Structures are given as C-alpha cells and as structure tokens.
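A quick write-up on the structure given underneath.
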There are 2 protein chains.
Amino acid sequence: MQAVHISAKADYGMRALLELTASYLENPKQLVKGDAISKAQGIPVKFLEGILRQLRQSGIVASQRGAEGGYRLDRSPNEVSIADVVRALDGPLAAVRGQRPEDVEYVGPSEHLKEVWVALRAAMRDVLEHITLADVAANNLPAPISALLDEPGAWQRRIG
Amino acid sequence: MQAVHISAKADYGMRALLELTASYLENPKQLVKGDAISKAQGIPVKFLEGILRQLRQSGIVASQRGAEGGYRLDRSPNEVSIADVVRALDGPLAAVRGQRPEDVEYVGPSEHLKEVWVALRAAMRDVLEHITLADVAANNLPAPISALLDEPGAWQRRIG
DNA sequence: AGTTTTCCTAGTAATATGATGGGAAAGATA
DNA sequence: TATCTTTCCCATCATATTACTAGGAAAACT
Ligand code: FES
Ligand code: FES
C-alpha cells in the first residue's frame, strides 16, 4: 500500500534492540529474557522469538539457552545502524517492482527514471546508515538528520 | 519484503506519465491512446487503464473517450512531482506497522524511535517532492538530489 | 532429573499485488 | 441513425506477503 513500509518485524526488532541497548549500557554481558522484552514492549512473544533469532543469525544479537539464559547485543550499540537492523529483518532497503533499483531498465522518455530511484535509495541510506542504536537510546541524532526534523511540516502529514 | 517498495503501479504510472510529458512538450493538448503507451513501455494494457483512471481521479491526467480520444497531462509537467504520483497510486509515502509515523507510540528505551521514522519520511520527501516530471524528462535533477548520485557507492548495492 | 529458556519447523487467516475479462458509456465518423 | 473506437467500471483470480500461532526439540542451569 505504501512506498515505505516499516513492517511490524522491523519496528518490533528495533524496540527489542533498544531494550537490549539499555541493558548493555548497564552491563554489556547481561542477558535479558525474551519474555521480559515481550512484556516491556507489548510484542507477541512467539513472534518476537523469531525476530530475535533472525537478529542472532545476522550477528547483531547473542543468545544463551536454559535457565538464566536470554539475549544481549553482540556488538556495541554504536556499531549497529538502523539500516543493519532493517536489512536483517526485511531484506534489501529498496526495490522497484521486486528488482534492485540499479537493475531496472527504461526506454524512451522514461530513460532517466532509474536515477530517481537510486537517489531515493541514497537519501534513505543517508538516514538509516548513520543512526545507531546508541544514538536513538541517547536521543542524540547526528546533526544533518535532526536538521530534517526541523523542516517545516516534517511532523505533519501531507494532505494532497 | 523491502522497506521501500516502488510497486508495479507506481513504476508503470511514472513511465506512462513520462510518455505523456513527451507528448505535452510537443503539444500540450495532444492526446495519446492507452494502447500506444502500453506498447511503447511494455505495460499490460488493462492494468495500465486502471492506473490512468486513478491518475485522472487525482487530477494529474485528463482523458477523452471515443475515436481520436486518449490521455494527456492535465497540469504542466513541472507542476507534477514524483511524490504526487506515488501518493496518487500507492497512498501515503510512509507507514510504520500500517500507521502514520507520527501516530505510533513508544515506551521506555524506544521512546525516541518515532523521530527516526519521521526523519526518514522527511528525507524521502526531500527527494520525491522536489523532482518533477519535467526534471526527469529533461534529465535535469535539482542539484541537491544529483549530489546524492555522486556519493560513493550510490549505484552499488550494499552487501552488508 | 527436572526446570527453564532458546531454537526450529509448520501452519494459518487476512490482506495486498499484479493482473485479466466482459461489457457499458461516451465520443467521432459515415 | 448506425458503427466504430476508446475510455470507464465492475468483478474475478492466482500468488505472495504479513503478522501471527502451535508444538515440540535442544541446550543450559539447579
Ligand atoms: S550512506 Fe550516503 S553518506 Fe553515508
Ligand atoms: S519537502 Fe523537505 S524541504 Fe521540501
């Protein structure tokens, strides 16, 4: 339906990782149980399990089974970008009709449409690659990005 | 699957509009038949019909039925942005779990996640609101946007 | 052993996507 | 008026994706 859709998986995943970031900042080796994250953020527990498994397979999270087990970040939170998380959970950032933006071919007057999609992807990267879990946890976004939030209308939806 | 997905509808719609832009630049009142657009761009004809109808309902395209009928732009191509087209065909630019970015609520360590999604939407707007059909047809993108294309790696996919 | 917690595979209901088909309505031409 | 052309509109369809849920195996700890 929408050009950009942050899926439930990506949104839940970010929230889980921010819980783990808070725990990491207390003690980097501390484990947090899936059940605790689920309750803290209101995420269905079995769904969350799958998300955390995917994040482990991508090397973002580490886990331990059994009593006193749980999850923790496997990298420092200032080394995990939002783009890393979204790619781990939803695949490549951008696609045009299922293909990579650089792979679609255009003829005639639409010859230069490819540039538009590539520029769009670059703009998204400039946001998502440069924000880390640590930035969000500390509410301290990189300056060029918080500038975007000061644009008039940034917080309103566009009507029309 | 992807965070940003330019749907077949939006991609076909842009290509159709760029055909109409070319015709407009010859003669603003000139009509182009759906069948001609379909053949020129390789778009399934019945699917294209529905897309053009949606664009007409959004006031971007005008149409006339009957022999010697067809479609044309209803506004000058430098007054139609990519964002207008994408919104007409795919709905709002950005959503988080089906909601507007400004409507989602976060608690605890994820409190400031909303800012990230709002900044992402603002970055997309900065690209899509400022490129017009005329810009793409003339291969003459606004300077801040073509700067994005010069970034190292803009044309490569990220292997991450 | 027994308990806890993660790991893994499968399945499912609801919705979106990318179409296709059949004709009605409107405009042009003869 | 009759006919042809082209858009308009409705309904349908196959496939895929999304957001979950169920059930149990495998590890780690007491
Ligand atoms: S991703 Fe474009 S500058 Fe870093
Ligand atoms: S949309 Fe942000 S500056 Fe125009």
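Note: hydrogens, waters and symmetry copies are ignored here, and every other heavy atom, side chains too, is used. All values reported here derive from a predicted model rather than from experimental measurement. So that the names make sense, note that chain A is the first sequence line, chain B the second, and so on, each numbered from 1.
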Whole angstrom is fine here: how far is it from [atom1] in [X] over to [atom2] in [N]?
X       : N      : atom1 : atom2 : answer
B:Leu89 : C:dG18 : CG    : P     : 12 Å
B:Ile43 : C:dT17 : CD1   : P     : 18 Å
A:Leu48 : C:dC7  : CG    : P     : 11 Å
A:Phe47 : D:dA19 : CZ    : P     : 6 Å
A:Ile6  : D:dT18 : CD1   : P     : 12 Å
B:Gln54 : C:dG18 : CD    : P     : 12 Å
A:Arg15 : D:dA19 : CZ    : P     : 13 Å
B:Asp11 : C:dG18 : CG    : C1'   : 13 Å

Test side chain to side chain contact (heavy atoms under 4.5 Å, CB included), reference A:Leu89, set A:Ile6, A:Ile51, A:Asp84, output is A:Ile51

- Is a donor on one side and an acceptor on the other found under 3.5 Å between the side chain of A:Arg15 and the backbone of A:Gln41? yes

Can you tell me if B:His5 uses its side chain to pair, donor with acceptor, with the backbone of A:Gly98 under 3.5 Å?
yes

Once rounded to the nearest 0.5 Å, what's the spacing between atom [atom1] of [X] and atom [atom2] of [Y]?
X        : Y        : atom1 : atom2 : answer
A:Glu115 : B:Ile145 : CD    : CD1   : 12.5 Å
B:Arg121 : B:Leu93  : CZ    : CG    : 8.5 Å
A:Leu20  : A:Leu133 : CG    : CG    : 9.0 Å
B:Ile43  : B:Glu19  : CD1   : CD    : 8.0 Å

Base, sugar-phosphate alone, or nothing: which one does [X] contact when heavy atoms must sit under 4.0 Å apart?
X       : answer
B:Lys33 : sugar-phosphate
B:Gln57 : sugar-phosphate
A:Gly70 : sugar-phosphate
B:Arg97 : nothing
B:Gly34 : sugar-phosphate

Quiz prompt | Salt-bridge criterion met for A:Arg158 and B:Glu129 (N-O under 4.0 Å) | solution = yes

* Asked: Is any NZ, NE, NH1 or NH2 atom of the basic residue among B:Lys9 and B:Asp11 found under 4.0 Å from an Asp or Glu carboxylate oxygen of the other?
  -> no

Picking from [options], which would you name as closest to the side chain of [X]?
X       : options               : value
A:His5  : C:dA19, D:dA19, D:dT7 : D:dA19
B:Ala8  : D:dC20, D:dC9, C:dA19 : C:dA19
B:Tyr71 : C:dA19, C:dT6, D:dC8  : D:dC8

Task: Polar side-chain contact B:Lys46-C:dG18 base: donor and acceptor under 3.5 Å - done: no

At less than 4.0 Å, is any side-chain N or O atom of [X] found next to OP1 or OP2 of [N]? Yes or no.
X       : N      : value
B:Arg53 : C:dA25 : no
A:Ser7  : D:dT17 : no
A:Ser63 : C:dT5  : no
B:Tyr12 : C:dT17 : no

For this session: Go through A:Glu49 and A:Arg53 one step at a time and tell me if the side-chain contact (heavy atoms from CB on, under 4.5 Å) criterion holds.
Result: CA-CA 6 Å; A:Glu49 258 184 34; A:Arg53 184 154 26 93; 5.6 Å; no

| Do B:Pro92 and B:Arg100 come close enough that some side-chain heavy atom pair is under 4.5 Å? | yes

Can you give me the N/O atom pairs linking the protein to nucleotides 28-30 of chain C at distances under 3.5 Å, or say none if there are none?
residue: C:dA28; atom: OP1; partner: B:Gln64; partner atom: NE2; Å: 3.2

Computed from five pairs at either end and rounded to 10 degrees, the angle between the axes of the helix from C:dA1-D:dT30 to C:dA30-D:dT1 is 10°

